[in-house]
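Presented below is the structure to which this report refers.
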Amino acid sequence: MRTHFIWHSYLPFILLSFCVHCGSSGSACKIKNRKADCSHLKLREIPSDLPTNITALDISHNQLKTLPPANLTKYSQLVYLDVGFNTISKLQPELCQVLPLLKGLNLQRNQLHALSDNVFTYCTGLRELNLGFNIITIKKDSFRTLKNLKSLDVSHNGLSSAKLGSQQQLESLQELVMSQNKITELNKEDFLFLSNSSLQILDLSSNPLTEFYPGCFHAIGNLFGLNLNKVQLGPSTMEKLSLGLSNTSIQNLSLSQVQLSRISNLTFNGLQRTNLTILGLSNNYLSVIENGAFAWFKNLQTLNLENNKIAHLFSHSLDGLSNVNYLNLKNSINKKIDDFAFQSLKRLEYLIMDDNTFPEITPKTFTGLENLKNLSLSKCIITLGTIKRTITNRTFSSLADSPLQFLNLTRTKITNIQAGAFSWLGELKTLDLGINEISQELTGQEFQGLSSIETIYLSYNNLLTLTSDSFTFVPSLRKLRLRRVGCSNLDISPSPFHVLQNLTILDLGNNNIANVREDLFDGLHQLEILDMQHNNLERLWKHANPGGPVLFLKGLQNLGLLDLESNGFDEIPGNVFHGLSKLRSLNLGSNNLNLLPELVFNDLASLTSLFLQKNLITAVEEEVFGTVFANLKVLDLGSNPFDCTCESIAWFVNWLNMSKTYIPGLNQYLCNTPPKYHSTVVVRFDTSPCDSAPFKLLFIVSTTVILLLIFVVLLIHFIGWRIKFMWNVSINRVLGFRDIDRPQQQFDYDAYIIHAKRDKNWVYKNFIPLEERRQNNEPIVRFCLEERDFEAGISEFEAIVDSINRSRKIIFVVTNHLLKDPWCKRFKVHHAIQQAIEQSRDSIILIFQHDIPDYKLNSALYLRRAMFKSRCILEWPAQNERVSAFYQQLKSALKSSSRIW
Ligand SMILES: *[C@@H]1O[C@H](CO)[C@@H](O)[C@H](O)[C@H]1NC(C)=O
Ligand SMILES: *[C@@H]1O[C@H](CO)[C@@H](O)[C@H](O)[C@H]1NC(C)=O
Ligand SMILES: *[C@@H]1O[C@H](CO)[C@@H](O)[C@H](O)[C@H]1NC(C)=O
Ligand SMILES: *[C@@H]1O[C@H](CO)[C@@H](O)[C@H](O)[C@H]1NC(C)=O
Ligand SMILES: *[C@@H]1O[C@H](CO)[C@@H](O)[C@H](O)[C@H]1NC(C)=O
Ligand SMILES: *[C@@H]1O[C@H](CO)[C@@H](O)[C@H](O)[C@H]1NC(C)=O
Ligand SMILES: *[C@@H]1O[C@H](CO)[C@@H](O)[C@H](O)[C@H]1NC(C)=O
Ligand SMILES: *[C@@H]1O[C@H](CO)[C@@H](O)[C@H](O)[C@H]1NC(C)=O
């Protein structure tokens, strides 16, 4: 394994330096955070106009031929310099002198040839040096001064020897990459220059090595990791290598693609005197592992045998691997595994067996794996158990003593699971049975004994029929995936899921489900993710569904993610999302929704992602979306036929202008209607004509005017007379016609009595007696009665006017006769009212002999009761006993002053 590689720590800075151009001189370098990226600019010169405080400079992939130190003097703060992929052929010692802080220097893929002896004299601070893909020839001890160098790359330089120096040096070196050279042999003294170094990794991959002389690796102070990938070793060279590594500190040995077709008990013999912990043997066409071949690896922890062609894994092939914790056998066994083949791997926790072919898993196959936690058999072509491609109750019996927690059986072409198939796996937490060909009714017995199970993947199987008991034995389930398993009918009672009270994830996507009951998810209070995309649920939400819409989401109070894409929904009941206050993401994409009920989203207080793409939505209105849009972080309304009119879209466009919500592809939102805007972009819809401010004002003003008008009309209709009357009274007062409260003596009469001719007798009979009562010999009241008091010789007209003027008050004796009497109607009344207006409302007294409704009074005499004070309106009593009380009332009315108010 490669240790920490400091090149990489600079890489992100270079990759991240984007978009900031140094404008001043036209040089197109990008500068960010004191890093300058001048790569790929066809430069022939080092830019001279960069900020002098830059710490990293990338001028790789250009056309520099030289690297003159003088041109870098101004960038003396450089810590990292990349001049890879140019055509530089010479290095000058002064480079490190002008760049005293330099830690990383990348010179890969240039044409460096001769390195002078003192070329790195001043580079004592350098940590990383990449000279890969040049044509350097090593003069003696060029690297002598690189005391702090940790990583040196001299790969692909045509080197024929690994000897980079004659004396001890590079004492800080941790990584030496010498791959792709022409090194054919390692001599005893080649690595003496590293005799005080502790190499984490020595990379000699892709060299034509054929000879490892004894002691060659012992020259290195400490060697922990060795990479010999793509070195054509073959069995005999391998034995020499093993001996060469004997008694070294080697821990990690990578031997991928070394053409090791066979391993015998001699191959790694020399490695018994090492503490090797990691061994990689992948991609070797390895076909035979003889019994005892790994017997030497007492300390090995990780063994990778991926991509080999082991025909037959013998019962003792893996003997001795008692400390191995991780074994990768992916795509490496193609015929047979003997019983007890794994028996010595007592510490094994991870066994990766994907992509293998062997005839069966017997009740002895995994015997002895006392610590196995994780077994992956995905893509294995196994004929499981006795019945082909069936997991029986014997298949995994060899794992009865393993604390297995994870079992992956994807893509194993299983067709059937028998009762009790997993009953041995009481500690299993995750079971992946996805992507198989299982076709059966799940009775529940299949999962019997999985008492710790938390996750079952059953997605992508042929046909799973669920029953009420399907999950009875696994109430501890938290995640259940049933995507595309053909369980189209969930109209089952009780629901198959009713026992899964701890379920947090349920995937029922792509099942063509058309029929569910309202109680399908009853009790799933912990459910956080529900996938029901690509089903056929549209009928369930239809208004017209017999029995009403089926609200199958009710009670899912912890739901955070709901996917209902592609269900054909064209209606949503207004209360369907009721109570989903924790929902964060709702996908209703690819349905047929057009109009949404007004408050449908209002319960979704936590919603941050809403997907409504590919529907038939024409309008995006505040009433529906105003509340839910407020918290959104992501919104997709793409591919809807927007109606670009003020009513439909103006609010949305205004919202878009202010919103910070991420809306992918917003510029592809197109108007569909009206024809004038067809195919124009929604965001460009001009909302100014719909601007609501002047609109509102106009609305308010016109409404006010209309209301006012209506009010006035009603007012005039109902009390217009009162206004008119008061108006006249007021005018008279203001204009000074006020003529009231003339002293008593100026009136000859207390009251002028207006009555109908036909009421004459009644009036005389009832009013004259009042005059006859006397006080101090003076009459208490004096009435003016037409026929009695009018002076002869004067016209009736004048007499009336005169008499009225001489009377302090006017009494109307209101009877049905009076209403019909032409004289009264036309003249007397008019005159009386005139007087009332000029003097006072109090100057008229109405005496009702009959009960006359106000409207009749009004239409006949233009009088209303409300024009007068209540004490001036008297009723002639029906009972005789009350007549004297009436007289009292009349007297006090006559006495009252005639003040207007
Ligand atoms: C170095 O600087 C000199 C003088 O400014 C210039 O002529 C030359 O082209 C530069 N060389 C490189 C490789 O930048
Ligand atoms: C580096 O120099 C540039 C101008 O050359 C200046 O704008 C910038 O602030 C400097 N950065 C630091 C970290 O000093
Ligand atoms: C070897 O390296 C150690 C530190 O790693 C140092 O103390 C010692 O002096 C070095 N020996 C030689 C001979 O350079
Ligand atoms: C190696 O295997 C051979 C048979 O293949 C056997 O005779 C020999 O004893 C074994 N050597 C060791 C060290 O186990
Ligand atoms: C292997 O490790 C043991 C114990 O840590 C140690 O005593 C032994 O010297 C090591 N062997 C080698 C070859 O480093
Ligand atoms: C396994 O199943 C068979 C029938 O298929 C049954 O007879 C046997 O008892 C079962 N064994 C166990 C251990 O459940
Ligand atoms: C099972 O293995 C397949 C293929 O290697 C992989 O894609 C899948 O994620 C694994 N299942 C689990 C639960 O990790
Ligand atoms: C459900 O989860 C709770 C809390 O983690 C746990 O105590 C309980 O045993 C679980 N129920 C089942 C049936 O596993």
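We're numbering straight along the sequence, starting at 1. Both backbone and side-chain heavy atoms feed into the values below; hydrogens, waters and symmetry mates do not.
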Task: Donor on one side chain, acceptor on other, Ser378 and Asn408, under 3.5 Å - done: no
TODO: Take Leu105 and Asn130 through the side-chain contact (heavy atoms from CB on, under 4.5 Å) test and state the conclusion after the steps.
DONE: CA-CA 6 Å; Leu105 177 58; Asn130 191 342; over 6 Å; no
Open item on the list: Within this structure, what is the CG-CZ distance for the pair Asn106 and Arg109, rounded to the nearest 0.5 Å?
Closed with: 10.5 Å
Task: 4.5 Å side-chain heavy-atom contact, Leu564 and Leu562 - done: yes
Task: Test item: Thr661 side-chain N/O and Leu632 main-chain N/O as donor-acceptor pair under 3.5 Å - done: yes
Open item on the list: Between Asp58 and Lys35 (salt bridge meaning N to carboxylate O under 4.0 Å), is one present in this structure?
Closed with: no
Task: Check: Leu101 and Leu78 side chains under 4.5 Å, non-hydrogen atoms - done: no
Open item on the list: Can a donor-acceptor pair be found, under 3.5 Å and without considering hydrogens, that links the side chain of Thr87 to the backbone of Leu64?
Closed with: yes
Open item on the list: Within the structure provided, determine whether Asp491 and Val516 are in side-chain contact (heavy-atom separation under 4.5 Å).
Closed with: no
- [ ] Among Thr618, Thr673, Asp643, find the residue that satisfies the side-chain hydrogen bond (donor to acceptor under 3.5 Å, both in side chains) test when tested with Ser648.
- [x] Asp643
TODO: Would you confirm whether Asn575, through its side chain, and His578, through its main-chain N or O, come within 3.5 Å as a donor-acceptor pair?
DONE: no
TODO: Say whether, by atom type as modelled, one donor and one acceptor occur between the side chain of Asn511 and the main chain of Ile513 under 3.5 angstrom.
DONE: no
Open item on the list: side chain to side chain donor-acceptor pair (under 3.5 Å) for Gln77 and Asn53? Distances and angles first, verdict last.
Closed with: CA-CA 6 Å; Gln77 296 186 41; Asn53 58 9; over 6 Å; no
- [ ] Answer yes or no: is there a donor N or O on one side and an acceptor on the other, between the side chain of Tyr669 and the main chain of Gly638, under 3.5 Å?
- [x] yes
TODO: Indicate the ring-plane relationship of Phe629 and Trp655, choosing parallel, tilted or perpendicular according to the 30° and 60° boundaries.
DONE: tilted
TODO: Could you grab the distance from atom CG of Leu612 to atom CG of Leu635, nearest 0.5 Å is fine?
DONE: 7.5 Å
Task: Taking every non-hydrogen atom, the tightest pair across Asn587 and Gln613 - done: OD1-NE2, 4.0 Å
Task: Test item: Ser470 side-chain N/O and Pro496 main-chain N/O as donor-acceptor pair under 3.5 Å - done: no
- [ ] Mind running side-chain contact (heavy atoms from CB on, under 4.5 Å) on Ile435 and Asn461 for me, showing each step along the way?
- [x] CA-CA 6 Å; Ile435 323 184; Asn461 272 292; over 6 Å; no
Task: Distance, nearest 0.5 Å, that separates OG of Ser459 from CG of Asn510 - done: 9.0 Å
Open item on the list: Looking at Asp37 and Lys32, is any side-chain nitrogen of the basic one under 4.0 Å from a carboxylate oxygen of the acidic one?
Closed with: no
TODO: List the atom of Met532, the atom of Asn567, and the distance in Å for their closest heavy-atom pair.
DONE: O-ND2, 2.9 Å
- [ ] Spell out, as yes or no, whether a donor-acceptor pair under 3.5 Å connects the side chain of Ser566 to the backbone of His534.
- [x] no
TODO: Mark yes or no for whether Asp563, through its side chain, and Glu565, through its backbone, hold a donor-acceptor pair below 3.5 Å.
DONE: yes
TODO: Just do the salt bridge (charged side-chain N to carboxylate O under 4.0 Å, His left out) check on Asp531 and Arg481 with the steps written out, would you?
DONE: CA-CA 9 Å; Asp531 287 327; Arg481 298 222 176 253; 3.6 Å; yes
Task: Main-chain N/O of Pro641 paired to Asn672 side chain as donor or acceptor, under 3.5 Å - done: no
Task: Side-chain heavy atoms of Lys582 within contact of Gln557, under 4.5 Å - done: no
Open item on the list: Please tell me whether Asn536 and Asn512 have a donor and an acceptor in their side chains that are separated by less than 3.5 angstrom.
Closed with: yes
Task: Separation of Cys38 SG from Lys30 NZ (nearest 0.5 Å) - done: 9.5 Å
Task: Gap between atom CD of Glu518 and atom CZ of Phe552 - 0.5 Å precision - done: 10.0 Å
Task: Which atom of Leu490 lies closest to which atom of Leu508, heavy atoms considered - done: CD1-CD1, 4.1 Å
Open item on the list: One pair to check against side chain to side chain donor-acceptor pair (under 3.5 Å): Asn515 and Arg539. What are the steps and the verdict?
Closed with: CA-CA 9 Å; Asn515 215 355; Arg539 181 186 55 81; 3.0 Å; yes
Open item on the list: I'd like to know whether Thr410 forms a side chain to side chain donor-acceptor pair (under 3.5 Å) with Asp432, so could you lay out the CA-CA distance, the side-chain angles of the two residues, the decisive distance to 0.1 Å, and finally the verdict.
Closed with: CA-CA 6 Å; Thr410 53; Asp432 193 342; 4.8 Å; no
Task: For the student: nearest non-hydrogen atoms of Asn86 and Ser60, plus distance - done: ND2-CA, 4.0 Å
Task: Check: Asn591 main-chain N/O paired with Asn615 side-chain donor or acceptor under 3.5 Å - done: yes
- [ ] Looking only at non-hydrogen atoms, find the nearest pair between Leu433 and Asn436 and report the distance.
- [x] O-ND2, 2.9 Å
TODO: For the pair Lys479 and Asp507, find out whether any cationic side-chain nitrogen is under 4.0 Å from an anionic carboxylate oxygen.
DONE: no
- [ ] Apply the test side-chain contact (heavy atoms from CB on, under 4.5 Å) to residues Val550 and Trp541: give CA-CA distance (whole Å), side-chain angles for both, the deciding distance (0.1 Å), then the verdict.
- [x] CA-CA 6 Å; Val550 182; Trp541 280 1; 5.5 Å; no
- [ ] Evaluate the criterion side-chain contact (heavy atoms from CB on, under 4.5 Å) for residue pair Val620 and Leu637; output intermediate values, then yes/no.
- [x] CA-CA 10 Å; Val620 185; Leu637 267 167; 4.3 Å; yes
Task: Inter-residue atom distance Ser585.OG - Leu561.CG, 0.5 Å rounding - done: 4.5 Å
TODO: Please collect all disulfide (SG to SG under 2.5 Å) contacts where either partner lies in residues 542-649, sequence neighbours excluded, each pair once.
DONE: Cys644-Cys671, Cys646-Cys690
Open item on the list: Testing the basics here: between Leu580 and Leu553, what is the closest heavy-atom pair and its distance to 0.1 Å?
Closed with: CD2-O, 4.0 Å
